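All figures in this text were calculated on a predicted structure; none of them were measured in a lab.
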Amino acid sequence: MLNHLKYISIFLVISFCSISTAPSLPDNFNNCQISLDASLEDIQQIKNENEINFEIRIVREPTEREECVDMILGTNLEQGSKINDGDVVDLVVGIKKNEITETVFETEYDLYLQQLKDKNIGDLNLIIAPNFGTSVATIIIEDQNVVTFIRKDNPLNYEFMFSEAEGYIYGVDSENNVNMLLDISDKTVREREAGLHTFDFLNIDATDYLIITYSGTDNNYHLSAFEILDNMQLGEEQTLALLGDIEGKTVHLGGKILQKNDDIILCLGDLNSPGTSAKFDTLWGKIISFPKINLLKQPITSYDDQRINFIGYGLRNPWSCFFQKNNLIVPDVGNSHWEEINIIDNLDINNEPVFFGWPWYEAYFNANYQNTPVDEETKSRLIEEAEFPIFLYPHANEYCAIIGGTELKNSSKWEGYFFVGDFCTGTIWAINIENQSELIVLEKNLIPFSITTINDSGNGTLFVGTTSGQIIEVILP
């Protein structure tokens, strides 16, 4: 009897220890020992048996080993390490270069859908929006360079104007003739996302100026002005703001120019340095504003200039912000997994800068960011206060990057809607927040080029620019 009790006691101790100990990552999650599908089954079993909640992500990595396609190459955790509540487990799956199997495509999307379901936010996924009619996409300009912005309204009497990343701005007349207005190609770094980004028009003391943002060969990021002369030519460059040293930085620059009342607003990316988004010793990863008065005489040259007001931060690459009425719509290009659309309601009454979660969150999900740009107390406060996106979609089914964006000012049919798209697939959505309506108005892959910008044509249609140098007019259903 005593021996029997002793065995019971030993059993209880062992059981207690097994329950209280965190589960371990299986030892075969490396070197192509287990398939993607089988690894996900094992992970789900670990979750169920241990009643533990952690996020799983799929990370693609090209491999030349045929036997490793659709197999697990490794994870972000060491083999055999403990898995705790709230952890992120990245499953690195082998793919052929420039070729992804249907297995990976389907598994990725299924996993993303499950993550959305777990958080009860599946209705925010734009990929599932219904199709609405058939749009007609017609190329009206071609054989140009990477188009970065298109604008209908202008004081130069052109039908519309557009900019190219290479450092050019053009005007298009009523015959669709393309006329060069500005060439700063000798001042612009053109590499990856670096280049001339957007333009606008500014009136100071009854004088009109063309203003632009670009990454300069002098390693500065520029906001510059060119006076529009009486003969509709442009004057010499004048600096309005130098926004920081960008030596060697060629991605996540942003640069979208907006205006409201007497202020200029700029949307700036994080320069691929995520921690900058969470702190205020830099302008990067932020939405900022400053008054346009006296900029020509006293340009902004430092992040701590007292004229700068921070509107939003915690952003990765919000390069195509735009207004819908008094709301600021902030599409933010995701990292590896999620694209998001954020909003700052009624900018006039929003006095405190809004934190959008990056670098700790990608949309609603843990980004597994391990560095410490701020102290733990500040980090906890920011995460608690973070605003999450109003819509999102995953990197799945060929979708890859959110592209903004515009409302249509001269269209009664699309009153209350704004339009965004996806860089890789060319999908364009119409979104009405008040009516809770999200519609696909241009289906994926109907435009055979990567899209870079979506703008208002002024005629109830959309202008879309591409990386291949086309400007396309989209006539909506």
Next item on the list: Kindly indicate, with the supporting measurements, whether the criterion side chain to side chain contact (heavy atoms under 4.5 Å, CB included) is fulfilled by Ile300 and Leu240.
Entry: CA-CA 6 Å; Ile300 289 173; Leu240 300 181; over 6 Å; no
Notebook entry, point to check: So His252 and Asp270, side chain to side chain contact (heavy atoms under 4.5 Å, CB included) or not? Walk me through it.
Noted result: CA-CA 6 Å; His252 304 185; Asp270 69 1; 2.8 Å; yes
Margin query: Ile471 vs Ile139, test: side chain to side chain contact (heavy atoms under 4.5 Å, CB included). Steps then yes/no.
Written below: CA-CA 6 Å; Ile471 294 177; Ile139 296 175; over 6 Å; no
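Checked for salt-bridge contact, Arg151 and Asp200 meet the test: a charged N lies under 4.0 Å from a carboxylate O. Ion pairing between Glu362 and Arg316 fails under the 4.0 Å rule for side-chain N and carboxylate O. Glu237 and Lys187 are joined by a salt bridge, as a carboxylate oxygen and a charged side-chain nitrogen come within less than 4.0 angstrom of each other. Glu108 and Arg60 are joined by a salt bridge, as a carboxylate oxygen and a charged side-chain nitrogen come within less than 4.0 angstrom of each other.
Few gaps surround NZ on Lys260; more than 12 heavy atoms of other groups in view lie less than 6.0 Å from it. Environment of CD in Glu67: crowded, with over 12 heavy atoms of neighbouring residues, nucleotides or ligands closer than 6.0 Å. Within 6.0 Å of atom NZ in Lys96, 12 or fewer heavy atoms from other residues, nucleotides or ligands are found, so the atom counts as exposed in its surroundings. Within a 6.0 Å sphere centred on NZ of Lys297, other residues, nucleotides and ligands contribute 12 heavy atoms or fewer. Residue Asp230 places its CG atom among 12 or fewer non-hydrogen atoms of other residues, nucleotides or ligands, all under 6.0 Å distant.
Thr425 and Asp422 share a donor-acceptor pair across their side chains, judged by distance under 3.5 Å alone. Side-chain atoms of His395 and Tyr109 include no donor-acceptor pair closer than 3.5 Å. Side-chain contact annotation: Glu438 with Asn432, donor-acceptor N/O pair under 3.5 Å absent. Residues Asp70 and Ser35 have side chains that never bring a donor and an acceptor to within less than 3.5 angstrom of each other. There is a side-chain donor-acceptor pair under 3.5 Å between Asn368 and Gln370.
Taking the six-membered ring for Trp, Phe388 and Tyr361 have ring centres closer than 6.0 Å. Ring centroids of Phe149 and Phe199 are separated by less than 6.0 Å, placing the two rings close together. The aromatic ring centroids of Phe322 and Phe418 lie less than 6.0 Å from each other. In this structure, His337 has its ring center at least 6.0 angstrom away from the ring center of Tyr393.
In this structure, Lys152 is not positioned above the aromatic face of Phe463 in the sense of NZ or CZ being under 6.0 Å from the six-membered ring centre and within 45° of the axis.
Between the side chain of Lys249 and the backbone N or O of Asp245, no donor-acceptor pair lies under 3.5 Å. Panel note: side chain Asn176, backbone Ile140; a donor-acceptor pair is recorded below 3.5 Å.
A ring-ring contact (aromatic ring centres under 6.0 Å, His included) with Phe310 is found for one member of Trp284, Phe280, Phe355 and no other, namely Phe280. If you run side chain to side chain contact (heavy atoms under 4.5 Å, CB included) between Cys68 and each of Glu64, Glu66, Arg65, only Arg65 comes through.
Aromatic ring orientation, Trp414 versus Tyr417: perpendicular (interplanar angle above 60°, classes split at 30° and 60°). Between Phe365 and Trp338, the two ring planes are parallel [angle under 30°; tilted spans 30° to 60°].
Contact annotation: the side chain of Ile433 approaches that of Ile390 to within less than 4.5 Å [non-hydrogen atoms, C-beta and beyond].
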